[in-house]
Amino acid sequence: MQERYEPATIEAEAQKYWEERGCFAATEDRSREKYYCLSMFPYPSGRCHMGHVRNYTIGDVLARFMRMQGRNVLQPMGWDAFGLPAENAAIANGMPPAKWTDDNIATMRRQLKSLGLAIDWRREIATCRPDYYRWNQWLFLRMLERGIAYRKTGVVNWDPVDRTVLANEQVIDGRGWRTGALVEKREIPMYYLAITRYAEPLLEALAQLPGWPERVRTMQANWIGRSEGVNVGFPYEIGETRGVLRVFTTRADTLMGVTFCAVAAEHPLAALAAKDDPALAAFVAECQRGPAIEAELATQEKKGMPTGFSVRHPLSGEAIPVWVGNYVLMSYGEGAVMGVPAHDERDFEFAKKYGLPIRRVIDVDGRPYSTQAWESWYADHGRCVDSGRYDGMPTAAAVAAIAADLARAGLGELRTIWRLRDWGISRQRYWGCPIPIIQCADCGPVPVPDSDLPVLLPEELVPDGSGNPLAKHEAFLACRCPRCGAPARRETDTMDTFVDSSWYFLRYACNDTAASMVDARVDYWLPVDQYIGGIEHAILHLLYSRFWTRVMHDLGLVSFQEPFTNLFTQGMVLNEVFYRKPASGRIEYFNPTDVEIRIDPDDKRRIATLRSDGGEVISGGVVTMSKSKNNGVDPQALVEEYGADTARLFTMFAAPPEQTLEWSDEGVQGAYRFLKRVWKAVYDHVDAGPVAPLERASLEETQRAIRRLSHHTLAKVGDDIGRRRTFNTAIAAVMELMNALGRFEPRGAQDRAVLHEGLEIAVLCLSPIVPHLAHALWRELGHDTAIVDERWPAVDAAALEQSTVEIVVQVNGKLRGRVAVPSGADADAVRAAALADPAVRRFVGDGAIRKVVVVPGKLVNVVV
RNA sequence: GCCCCGGUGGCGAAAUCGGUAGACGCAACGGACUUAAAAUCCGUUGACCGCAAGGUCGUGCCGGUUCGAGUCCGGCCCGGGGCACCA
């Protein structure tokens, strides 16, 4: 056996072994229990980053572990290959997005392969290939037939200089990223998918997903946002026009406290009022220019302006002024709200600002109410006061009574509304899946017939930033109307890339079929047994995938409704970000590897300087690794210097996988050192010659102690990987075992036998995490078989047995002593032993013992 | 602003069901080996008091429940993720 640990050699050998034997080729086998282990596929951005390493190592550890449990494991990989960065790269270097994407896929495939992942590469897919995206188009047409896909207008960011639609990411402080022009909002026709039709089942089914993290289910439930409330009508007569202003409220019990109504800038009443009021028209225009992003909308200053119109209170008949408010969302509810300043914080703020009356109508436990300043309990539930016949009613009763009265007057009814909005999938971009529609002057938008699919995306175009190049590409545009045969134009919008990622996990099961979107193999492999990906996908991607799967289920294409049985959300990988901001011009970011940190001896201040010029740079804190912040760490350098096993071990050990991982260069060294120690331990053991069979029945106590620890570690690692998914503690346990084996100096044959067993257990435990090292060491330990085909060993329960256990003794909850008692001793014996302990007696003193709490096998607490 | 998550030594973290706070690792310091360095190995390391035995304090802050709270409850502060066209 080679004395030195040389990762480059053993990793190449192990990977060659797996590759030549097709170890990870997965085939359908009804006689075996399948395990579909899926990591979110990467966007081929150029090179792998540490987030990928973390994601795919977690998946690989589970895939390899489940394989050792005897499961028929499928672990596939593919590319989320359409998207904006490819177009940005094209603008920057004049290369077609297809070429850039293909190059990136080749690079990243090579990088992923160097990590030694147990992937069935025969099943690889890329969403930019026609044999994949044609099925996006095909299913879109099925949705169109059923009205699940439909056309309506939507709002986009418009750069007036480049005459192009911008993504939210391309809007910086309200200006276009390239031109700096003030971005405008524009209404254009788009295609939507009616995910709201599935709001209820998507919400209800969350309860049937026990394998999902609670926090993700909570986030999705909040996102879908079911609200039970009352739709209230405020009738009005404005000039000749008679109508009813409709608002939705979950707090109909506060209806008697309404002192104003507010409508969104896009609301018809706002438009009507603005017609004859230039100041209001200007305000409406200002609101419409304002931010399109909810986060910005919610943090902007709340502003309003009166329309001059009044509506009638549906119960009291009182005149209620109508305002336009920049905080009212047209997309939620009715695009109008009733203002109850006394019991809604936002309305309170608005009323204070504009001098509107505040009328208190809810009493909470008789607490004194003041209109001076808002208190959070003002919004609590209570009983109606100053509300006429509703006085004294608690919330539920008041809501029911008011809803009934409104219904009688024809001005309201109980209603359920959802926060969830339909999914707009049209993108005015080139590098995406073409929407299979033809625009005919006479027939309007006409679906492309199935026989003409796929609508191929031309791959040689180079966008220049001035809009979608498809719109200037005659060969793509020119076509005939499938309905009337007249010359027509092809739709140039492409689909949101979330469409691509909403069903890719199905295609892995049958990526070789050209005849259909999916086939029967899907029902063997799916649903995914374990899905692993970043927490940043907790809502959108996962909800869209759940929706898409349900649509496919309802079309009879798949037999299941939920695609992912178990979900694991890994934390983000963070790193410090360094930058300089020149007096004029764009912020420049510097990679942390180019920055040196030292501590100023005088004021203990951290000083960061750029290695290249010695000048100071500013630290922007610790944030997600990203290209735009230039704070990524290149895993390839790590693999080249230390090997894939060190990279894998470090990312699994440095933090629990669900939490954020803060990058540090130190610690990689530690991981490497540990692997060298494991290698050395096996080397020393093998070097000492052959090993006699273990004689379990006649071992000495020191030998039994080693066996106890070995099997305890085996049990713990199995539990940590298989149930808890805490790979960091599994590794720590193996480290402890290795430390103990290292201290153990074998003197006789049985010492060596016990050590041999311990080393085998350590190598088996590590094999899902550092498979190359384990592959090599397993052979050195005398096996002809490959460790990748080994089963996870059973724990020897007899080895775990212990004659005595240590019991901790507390006095008044403070640790005061320890006593050893026979394992299995009853409570009275433990209590007696604890009270007899000298240290305990000293602390108990002469005081009377009030109580003794005995926790069997653990602890005694004496209360005096 | 809203929704979700987190905060424990110099640092990453552990404590799985309310029961020994700091396992494991990094860094630092001391020592061994070496002509020297690297590598490796051994030891020390939460704070404070004490010669020591030992004691007191300590899990972001304030309060509560409990024999016992890092863990449960209420209120706050700070950090991260998401907010629908980044993926």
Side-chain angles (χ1 to χ4, degrees), chain A residues 40 42-43 45 80 83-85 88 154 156-157 165-171 213-216 218-219 221-223 225 292-300 302 327 331 345-346 376 419-429 496-498 501 534-541 543-544 569 571-572 574 621-624 626-628 650 653-656 658-662 664 666-671 673-674 676-677 680 716 719-720 723-724 726 728-729 731-736 739 742 806-810 812-815 818 850-853 855 858-864:
Chain A
M40 289 181 186
Y43 178 77
S45 56
D80 188 12
L84 195 55
N88 294 343
V156 294
N157 304 306
V165 174
L166 299 178
N168 285 340
E169 193 188 48
Q170 297 171 314
V171 180
E214 185 67 42
R215 63 168 158 162
V216 175
T218 306
M219 279 192 262
N222 290 340
W223 184 263
I293 301 169
E294 194 192 316
E296 287 179 34
L297 217 54
T299 47
Q300 73 179 354
K302 279 155 205 64
Y327 63 95
S331 55
E345 186 170 7
R346 213 168 40 181
S376 59
R419 210 187 73 94
L420 184 67
R421 306 200 296 262
D422 278 347
W423 174 15
I425 59 157
S426 294
R427 297 290 180 272
Q428 297 69 44
R429 276 193 263 294
D496 180 5
T497 57
F498 274 124
S501 55
I535 183 67
E536 71 275 19
H537 294 293
I539 296 174
L540 292 179
H541 161 61
L543 194 61
Y544 291 147
T569 49
M572 313 273 296
L574 313 182
V622 177
V623 300
T624 316
S626 72
K627 254 191 168 171
S628 59
F650 172 72
F653 181 60
E658 288 208 271
Q659 282 179 34
T660 54
L661 169 69
E662 216 172 291
S664 85
E666 305 101 16
V668 173
Q669 289 275 354
R673 203 149 43 217
F674 173 68
K676 281 197 287 189
R677 263 205 320 271
K680 182 71 167 30
K716 170 148 179 73
D719 188 50
D720 282 355
R723 179 181 64 89
R724 295 211 303 148
T726 53
N728 54 328
T729 55
I731 294 164
V734 180
M735 285 174 169
E736 281 186 76
N739 288 345
E806 188 185 73
I807 300 286
V808 164
V809 189
Q810 299 178 331
N812 288 340
K814 286 194 172 153
L815 175 66
R818 295 156 205 273
R850 291 192 1 229
K851 188 173 175 183
V852 180
V853 180
V855 181
K858 271 245 152 122
L859 163 146
V860 175
N861 187 14
V862 182
V863 186
V864 296

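Small disclaimer: the values here were computed from a predicted structure and weren't measured. Here is the naming used below: chain letters follow the sequence lines, and residue numbers restart at 1 for every chain.
Across all strands, A:V852 comes closer than 4.0 Å to no nucleic acid atom at all (heavy-atom distances). Counting non-hydrogen atoms under 4.0 angstrom, A:K302 reaches nothing in the nucleic acid.
As rounded to the nearest Å, B:G79 and B:U8 have P atoms that lie 14 Å from one another. Here, B:G80 and B:G63 have their C1' atoms 27 Å apart, quoted to the whole Å. Comparing B:C41 with B:C72, their P atoms sit 40 Å apart, to the nearest whole Å.
A:N861 CG to A:K851 NZ: the interatomic distance, rounded to the nearest 0.5 Å, is 9.0 Å. For the atom pair NZ (A:K716) and CZ (A:R724), the distance works out to 4.5 Å, reported to the nearest 0.5 Å. To the nearest 0.5 Å, atom CG of residue A:L540 and atom CZ of residue A:F498 are 5.0 Å apart. The structure places OG1 of A:T218 at 15.0 Å from CH2 of A:W223, a figure rounded to the nearest 0.5 Å.
Between the P atom of B:U16 and the CG atom of A:N728 lies a distance of 13 Å, rounded to the nearest Å. Atom CD in A:E214 sits roughly 16 Å away from atom C1' in B:G6 (whole-Å rounding). For the pair A:I535 CD1 and B:G81 P, the computed distance is 12 Å after rounding to whole Å.
For B:C67, its base sits under 3.5 Å from the side chain of A:N861 at one donor and acceptor pair at least. Scanning atom types as modelled, one donor and one acceptor separated by under 3.5 angstrom connect the side chain of A:R723 and the base of B:U16. In terms of polar N and O atoms assigned as donor or acceptor, the side chain of A:Q428 comes within less than 3.5 Å of the base of B:C85 in a complementary pairing. For B:C85, its base sits under 3.5 Å from the side chain of A:R429 at one donor and acceptor pair at least. If you check distances only, the side chain of A:K814 never reaches the base of B:U20 with a donor-acceptor pair under 3.5 Å. A donor and an acceptor atom never sit less than 3.5 Å apart when one is taken from the side chain of A:R673 and the other from the base of B:U40.
Comparing A:D80 and A:R724, the nucleotide of RNA chain B nearest to each residue sits closer to the 5' end for A:R724. Sequence order on RNA chain B of the closest nucleotides to A:W223 and A:G83 puts A:W223 first from the 5' end.
Nearest to the side-chain atoms of A:L815 among the listed nucleotides B:U20, B:A84, B:C24 stands B:U20. Closest to the side chain of A:M735, out of B:U40, B:C86, B:G25, is B:G25. Distance from the side chain of A:P656 is smallest to B:A13 among B:A13, B:A21, B:G1. Nearest to the side-chain atoms of A:F653 among the listed nucleotides B:C5, B:G25, B:C86 stands B:G25.
More than 12 heavy atoms of other residues, nucleotides or ligands lie within 6.0 Å of NZ in A:K302, so this atom counts as buried by the packing criterion.
B:G60 shows a glycosidic angle more than 90° from 0 and is accordingly assigned anti. Applying the 90° criterion around 0 to the glycosidic angle, B:C17 comes out syn.
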